[in-house]
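The shown structure was predicted, so the numbers you read here are calculated from the model rather than taken from an experiment. When a residue number appears, it is its place in the shown sequence, counting from 1.
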Amino acid sequence: MIIKHDKSTLYQKLKTHFGYNSSRDQQEAIITHVLDGNDTIVLMPTGGGKSLCYQVPALLFEGLTLVISPLIALMKDQVQALNANGIPAAYLNSSLNSAEEKEIEAQLERNELKLLYVSPEKVFARDFLSFLTLLNIQLIAIDEAHCVSSWGHHFRPEYQKLYLLKNKLPNATMIALTATADKAVRSDIGQLLGMQTPKTFLSSFDRSNLSLSVLPGQKKWEQIRRIVHKYAKKSGIIYCSSRKSTESLAAKLKAEGVKAACYHAGMMNRLKEKTQDAFIQGDLDVMCATIAFGMGIDKPDVRFVIHYDSPKSIENYYQETGRAGRDGLKGHCVAFFSHK
């Protein structure tokens, strides 16, 4: 459905609900393109304001916006922020019990919500796709859309079935968003999602507020200790290639009086979720993590990102360092290098 819109209405929503007087970079062009009913692919740097590209249209479309998001913590964070801004939103994922799920489904049936966040796994849970066809869904937003491609660095098999949403909801406009996509992934996204002649908006990926340093890989602990104390009580992430390193570093930092924790794929889901929430809410300052941590983390005040070991690729390095300075203030990114 094409929505009649003008700049004044768009900026009124932006100001009233999000507190912004103006849009950034290509946001206005993207939002207008979506409101005209066009499928859209958005490649925008981490912290570039991707979420507004579907949240603002969600307020202007009459029906529901369905958001596919890969992380429970990110869904919670986004929904809390939307509700605080007076926007009725909810999420459905494995963290809810059956009574909570039924209440949200009842709200959806009563057309009381503007945005619904779900995981790709939830979309294909029993009978859920059929339930979605009964709702007035006008916009489908696919966050972290690089996950749709096997070339993507966070490939998720469930993402490759999301074209079924376009099949089942042919009248809904679709927007796919990512901060990470090389040319191979970029060409895959539209095709794999079943999008109809999508237009791609590619923003500059320059992050001028981030400083990048490469330091010798000798005496890493002494250098890390110095950096962490320099940013005392500020948020930071230290990426390690092994689970053992995350645990060891977190223990050393805690012994120094730093509020630190580790995060890796070997931890129980509940503990991972609790740890991630504590970091986002500011109860932890430093997260020592493998690359299992971070995709979609919407924490604006990360002041430093350290790579204890070499990142897997330049693409990974860009994505991981991009978690610093999302509030536009300075962020420091350090990578250790050795000839090994």
Side-chain angles (χ1 to χ4, degrees), residues 46-47 69-81 91 93-95 119 144 153-154 210 213 215 217 219-312 316-317 319-327 329-336:
T46 303
S69 179
L71 290 170
I72 289 173
L74 180 62
M75 287 186 217
K76 285 182 177 178
D77 192 39
Q78 296 251 6
V79 168
Q80 284 173 358
Y91 57 81
N93 57 43
S94 58
S95 71
S119 66
E144 306 291 348
H153 70 285
H154 277 290
L210 300 186
S213 304
L215 300 178
K219 298 183 178 178
K220 289 184 187 178
W221 164 243
E222 288 83 352
Q223 296 185 76
I224 287 170
R225 184 173 176 273
R226 178 178 53 80
I227 293 166
V228 170
H229 283 300
K230 178 185 174 183
Y231 292 97
K233 297 184 179 178
K234 299 283 198 319
S235 294
I237 304 171
I238 304 174
Y239 282 108
C240 308
S241 60
S242 74
R243 298 174 185 182
K244 187 175 179 181
S245 293
T246 67
E247 293 170 356
S248 169
L249 267 178
K252 283 183 176 180
L253 288 169
K254 281 193 267 191
E256 292 273 325
V258 178
K259 290 191 288 185
C262 65
Y263 185 107
H264 56 68
M267 293 161 59
M268 298 286 287
N269 285 340
R270 192 168 210 139
L271 179 57
K272 282 195 291 187
E273 191 179 322
K274 185 179 176 183
T275 304
Q276 188 162 292
D277 283 349
F279 182 69
I280 289 171
Q281 291 161 14
D283 298 326
L284 287 173
D285 290 332
V286 181
M287 186 71 85
C288 304
T290 61
I291 59 168
F293 175 77
M295 183 173 63
I297 291 301
D298 191 18
K299 184 170 173 59
D301 59 345
V302 173
R303 297 275 66 89
F304 66 89
V305 171
I306 298 172
H307 279 84
Y308 186 79
D309 301 296
S310 294
K312 287 190 173 182
N316 279 68
Y317 178 70
Q319 180 81 356
E320 289 150 19
T321 54
R323 277 147 204 156
R326 296 185 68 166
D327 53 7
L329 302 178
K330 290 189 180 300
H332 189 195
C333 306
V334 174
F336 288 113

Q: Would you say S69 and Q78 make side-chain contact, with heavy atoms under 4.5 Å?
A: no
Q: Minimum heavy-atom separation for S95 and E273, please, with both atom names.
A: CB-OE2, 4.0 Å
Q: For S213 and H332, work out which heavy atoms get closest and say how close.
A: OG-NE2, 3.2 Å
Q: Once you measure the plane-to-plane angle for H307 and Y317, does it fall in the parallel (<30°), tilted (30-60°) or perpendicular (>60°) bin?
A: tilted
Q: Could you state the interatomic distance from CD1 (I306) to CD1 (I238), rounded to the nearest 0.5 Å?
A: 4.5 Å
Q: Distance check, rounded to the nearest 0.5 Å: E256 atom CD versus W221 atom CH2?
A: 4.5 Å
Q: With rounding to the nearest 0.5 angstrom, report the OG1 to CG distance, T290 to D309.
A: 11.0 Å
Q: Quick one: pull up CD in Q281 and CD in Q276 and give me the separation to the nearest 0.5 Å.
A: 10.5 Å
Q: For the residue pair K299 and D77, establish whether any side-chain heavy-atom pair is separated by less than 4.5 Å.
A: no
Q: Hey, can you pull the donor-acceptor pairs under 3.5 Å for the side chains in residues 244-252, sequence neighbours left out?
A:
residue : atom : partner : partner atom : Å
S245    : OG   : S242    : OG           : 2.8
T246    : OG1  : R243    : O            : 2.6
E247    : OE2  : H264    : NE2          : 2.9

Q: Please tell me if the side chains of V334 and F304 come closer than 4.5 Å, counting only heavy atoms from C-beta onward.
A: no
Q: How long is the span from the CZ atom in F336 to the NZ atom in K219, to the nearest 0.5 Å?
A: 13.0 Å
Q: Of the non-hydrogen atoms in A324 and L210, which two are nearest, and what is the gap between them?
A: O-CD2, 3.4 Å
Q: Does atom NZ (K220) have a neighbourhood of more than 12 heavy atoms from anything else shown, all under 6.0 Å?
A: yes
Q: For side-chain contact (heavy atoms from CB on, under 4.5 Å), just list the numbers for Y263 and I237, CA-CA rounded to whole Å, side-chain angles, deciding distance to a tenth of an Å, and then say yes or no.
A: CA-CA 10 Å; Y263 185 107; I237 304 171; over 6 Å; no
Q: What are the two closest heavy atoms between V302 and G236, and how far apart are they?
A: CG1-CA, 4.2 Å
Q: Could you tell me which non-hydrogen atom of L253 sits nearest to which non-hydrogen atom of C288, and how far apart they are?
A: CD1-SG, 3.8 Å
Q: Taking 4.0 angstrom as the limit, do R303 and D285 come out as a salt bridge?
A: no
Q: Using the side-chain contact (heavy atoms from CB on, under 4.5 Å) rule, take Y231 and V286 through it: C-alpha gap first, then chi angles, then the decisive distance, then the call.
A: CA-CA 10 Å; Y231 292 97; V286 181; over 6 Å; no
Q: Starting at OG1 of T275, measure out to CG of D283 and round the result to the nearest 0.5 Å.
A: 11.0 Å
Q: Search all heavy atoms of P311 against all heavy atoms of E320 and return the closest pair with its distance.
A: CB-OE1, 4.2 Å
